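Throughout, numbering of the chain's residues begins at 1 and tracks the sequence. Quick caveat: nothing in here was measured; it's all calculated off a predicted structure.
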Amino acid sequence: MARLAQTAGLTDVQQEILSTVRDFVDKEIIPVATELEHRDEYPQQIVDGLKELGLFGLMIPEEYGGLGESLLTYALCVEEIARGWMSVSGIINTHFIVAYMLKQHGTQEQKDHFLPRMAAGDIRGAFSMSEPGLGSDVSAITSKAVRDGDEYVLNGQKMWLTNGGTSSLVAVLVRSDEGHPEGTAPHKSMTTFLIEKEPGFGEVRPGLTIPGKIEKMGYKGVDTTELIMDGLRVPADRVLGGVTGRGFYQMMDGVEVGRVNVAARGCGVAQRAFELGVQYAQQRHTFGKPIAQHQAIQFKLAEMATKVEAAHAMMVNAARKKDSGERNDLEAGMAKYLASEYCKEVVEDAFRIHGGYGFSKEYEIERLYREAPMLLIGEGTAEIQKMIIGRRLLEEYRFQG
């Protein structure tokens, strides 16, 4: 039987990269993922392996020491990694969003300073928009930057930083009223700052504290944290792009890449859930035959496989649209929405196929069952995706009365 979620039109280089990543996942991630996840242990050995493979520089241009690959190649690699353990794909996601934002919007000095070390994996990136009382309303950001000579002084509290502790570079979105008169639209008075810090927890540089890991239901191993700025001084040359007031647009550009990533993660987790379900269905016997021979289970498997294929196709389309240089917020929103919802459904069906054993921590599906819900809210909830999709459709299909 042909493996699900194949991608047509890949180059020999892309196929070689994916084959290498798939082999790494099968040998180095899947055998240890559940044990590490139950201990909530950072997968340092796996991360070191990804560094050796050059994965941290996958989309960074060759002139900065990266591989210069496309978003499609990156998304397909993320799909494979998430199939092994979703938390590992989260470790590289925020890194790539920051690298992408630097590549697209950074000054030449910022690119020269950060990108070569990011490509080598020596600098790990994280990005931060959300705040404790913010939710999906980015315009309600209260963290603020005030100019003081050649520096800015930042104050505020940020929330839900993936890689908050292990990262050494954080792209942080704050409000900056300098040069933006009262009454300026909120999204036009936001700025992205590139904040360098030491990895770890506690006060990681004067004025900047990472309190510790947030305990989560799933998505373990990777550190999710808060970030507290209290009189944090940042040089003016660490404003992304060198100009204030562009942060919202820079972040939204990065989030489009992030949404393709979340869609790819949903595809990968759903693929693994299908693999576990179809395998167990052929091993488990009831009423004298494997449960895979019961029509009810065959119907489930058929639905699961169809959802895996559909989500994969939409994810690939969104990545290719972005790679073409076109706006892809509609396609990325659709892919993220569909892939995360289908992932939840496929995982639940695989869980049901396992019966009571699916509730046991000895079985891998138990971990997937706790991981899938994060995809429903990461990089924007389903409701936010529907709003984006609806608005874009009305732009495209405006009634000419």
Q: State whether the number of non-hydrogen atoms from other residues, nucleotides or ligands found under 6.0 Å of Glu35 atom CD is greater than 12.
A: no

Q: Answer yes or no: is there a side-chain heavy-atom contact under 4.5 Å between Asp230 and Asn155?
A: yes

Q. Passes side chain to side chain contact (heavy atoms under 4.5 Å, CB included), Phe351 versus Phe359? Steps please.
A. CA-CA 8 Å; Phe351 177 84; Phe359 209 61; 3.8 Å; yes

Q: Test Glu364 against Arg272 for salt bridge (charged side-chain N to carboxylate O under 4.0 Å, His left out), laying out the working first.
A: CA-CA 9 Å; Glu364 190 178 340; Arg272 185 59 181 163; 2.9 Å; yes

Q: Return yes if some donor-acceptor pair links the side-chain N/O of Asn261 with the main-chain N/O of Asn93 below 3.5 Å, else return no.
A: no

Q: Indicate whether any N or O donor in one side chain lies under 3.5 Å from an N or O acceptor in the other, for Arg367 and Thr34.
A: yes

(Q) Using the side-chain contact (heavy atoms from CB on, under 4.5 Å) definition, which of the options Leu53, Leu72, Ile92, Ile17 pairs with Cys77? (A) Ile17

Q | Asp26 and Arg83, any side-chain heavy atoms less than 4.5 Å apart | A | yes

Q) Are the side chain of Glu69 and the backbone N or O of Tyr74 linked by a donor-acceptor pair below 3.5 Å? A) no

(Q) Quick one, Thr7 with His312, criterion side chain to side chain donor-acceptor pair (under 3.5 Å). Give me CA distance, side-chain angles, the key distance, then yes/no. (A) CA-CA 9 Å; Thr7 308; His312 175 84; 2.8 Å; yes

Q) Between Lys144 and Val153, is there a donor-acceptor pair closer than 3.5 Å when you use the side chain of the first and the backbone of the second? A) no

**Q.** Partner residues of Phe201 under the ring-ring contact (aromatic ring centres under 6.0 Å, His included) criterion, sequence neighbours left out
**A.** none

Q | Heavy-atom side-chain proximity of Leu375 to Glu341 below 4.5 angstrom | A | no

Q) With a 4.5 Å heavy-atom cut-off, do Arg327 and Lys322 have their side chains touching? A) no

Q: Examine distances only and state if a side-chain atom of Ser70 and a backbone atom of Asp323 form a donor-acceptor pair shorter than 3.5 Å.
A: no

Q. Heavy atoms, side chains only, cut-off 4.5 Å: are Thr107 and His113 in contact?
A. no

Q | Between Gln14 and Thr73, a side-chain donor and acceptor under 3.5 Å | A | yes

Q) Does the pair Ser189 and Arg175 meet the rule for a side chain to side chain donor-acceptor pair (under 3.5 Å), with working shown? A) CA-CA 6 Å; Ser189 60; Arg175 189 172 301 284; 3.3 Å; yes

Q. Of all residues at least two apart in sequence or in a different chain, which pass the salt bridge (Lys or Arg N to Asp or Glu O under 4.0 Å) check with Glu331?
A. Lys321

Q: Under the salt bridge (Lys or Arg N to Asp or Glu O under 4.0 Å) rule, collect the residues that match up with Glu326, sequence neighbours excluded.
A: none

Q: Answer yes or no: is there a side-chain heavy-atom contact under 4.5 Å between Glu371 and Tyr219?
A: no

Q | From Tyr337 atom OH to Ile389 atom CD1, the distance as rounded to the nearest 0.5 Å | A | 7.5 Å

Which donor-acceptor pairs under 3.5 Å do side chains of residues 97-106 form with protein atoms, sequence neighbours excluded?
{"from": "Tyr100", "atom 1": "OH", "to": "Asp253", "atom 2": "OD1", "distance (Å)": "3.1"}
{"from": "Tyr100", "atom 1": "OH", "to": "Asp253", "atom 2": "OD2", "distance (Å)": "3.4"}
{"from": "His105", "atom 1": "NE2", "to": "Asp253", "atom 2": "OD2", "distance (Å)": "2.9"}

Q) Aromatic rings Tyr363 and Tyr357: how do their planes relate, parallel, tilted or perpendicular, breaks at 30° and 60°? A) tilted

**Q.** Evaluation steps, side chain to side chain contact (heavy atoms under 4.5 Å, CB included), between Lys158 and Ile141
**A.** CA-CA 9 Å; Lys158 309 298 284 188; Ile141 280 177; 3.9 Å; yes

Q.
Please evaluate residues Thr142 and Glu131 with respect to the criterion side chain to side chain donor-acceptor pair (under 3.5 Å), reporting the C-alpha separation (whole Å), side-chain torsions for both, the decisive distance (0.1 Å), and the verdict.
A. CA-CA 8 Å; Thr142 60; Glu131 296 182 0; 3.0 Å; yes

Q. Is the closest side-chain heavy-atom distance between Asn163 and Val222 below 4.5 Å?
A. yes

**Q.** Side-chain H-bond candidate by donor/acceptor type, Thr224 with Lys216, under 3.5 Å
**A.** yes

Q: Kindly indicate, with the supporting measurements, whether the criterion salt bridge (charged side-chain N to carboxylate O under 4.0 Å, His left out) is fulfilled by Arg238 and Glu109.
A: CA-CA 10 Å; Arg238 289 299 176 256; Glu109 185 275 333; 3.2 Å; yes

Q.
The criterion is ring-ring contact (aromatic ring centres under 6.0 Å, His included); which residues satisfy it with Phe56, sequence neighbours excluded?
A. His95

Q: Sort out for me which residue in His285, Gln283, Arg284 forms a side-chain contact (heavy atoms from CB on, under 4.5 Å) with Pro290.
A: His285

Q: Would you sort out whether Arg352 and Lys300 count as a side chain to side chain contact (heavy atoms under 4.5 Å, CB included), showing the intermediate values?
A: CA-CA 10 Å; Arg352 290 173 182 268; Lys300 275 192 188 302; 3.9 Å; yes

Q. What residues form a salt bridge (Lys or Arg N to Asp or Glu O under 4.0 Å) with Asp148, not counting sequence neighbours?
A. Arg233

(Q) Side chains of Arg3 and Glu275, heavy atoms from C-beta outward: is any pair under 4.5 Å? (A) yes

Q.
Before you tell me yes or no, could you show the steps for Leu276 and Leu368 under side chain to side chain contact (heavy atoms under 4.5 Å, CB included), namely the whole-Å CA-CA distance, both residues' side-chain angles and the distance that decides it to 0.1 Å?
A. CA-CA 10 Å; Leu276 294 172; Leu368 271 58; 4.2 Å; yes

Q.
Under a 3.5 Å cutoff, is there a donor and acceptor pairing between the side chains of Thr191 and Ser176?
A. yes

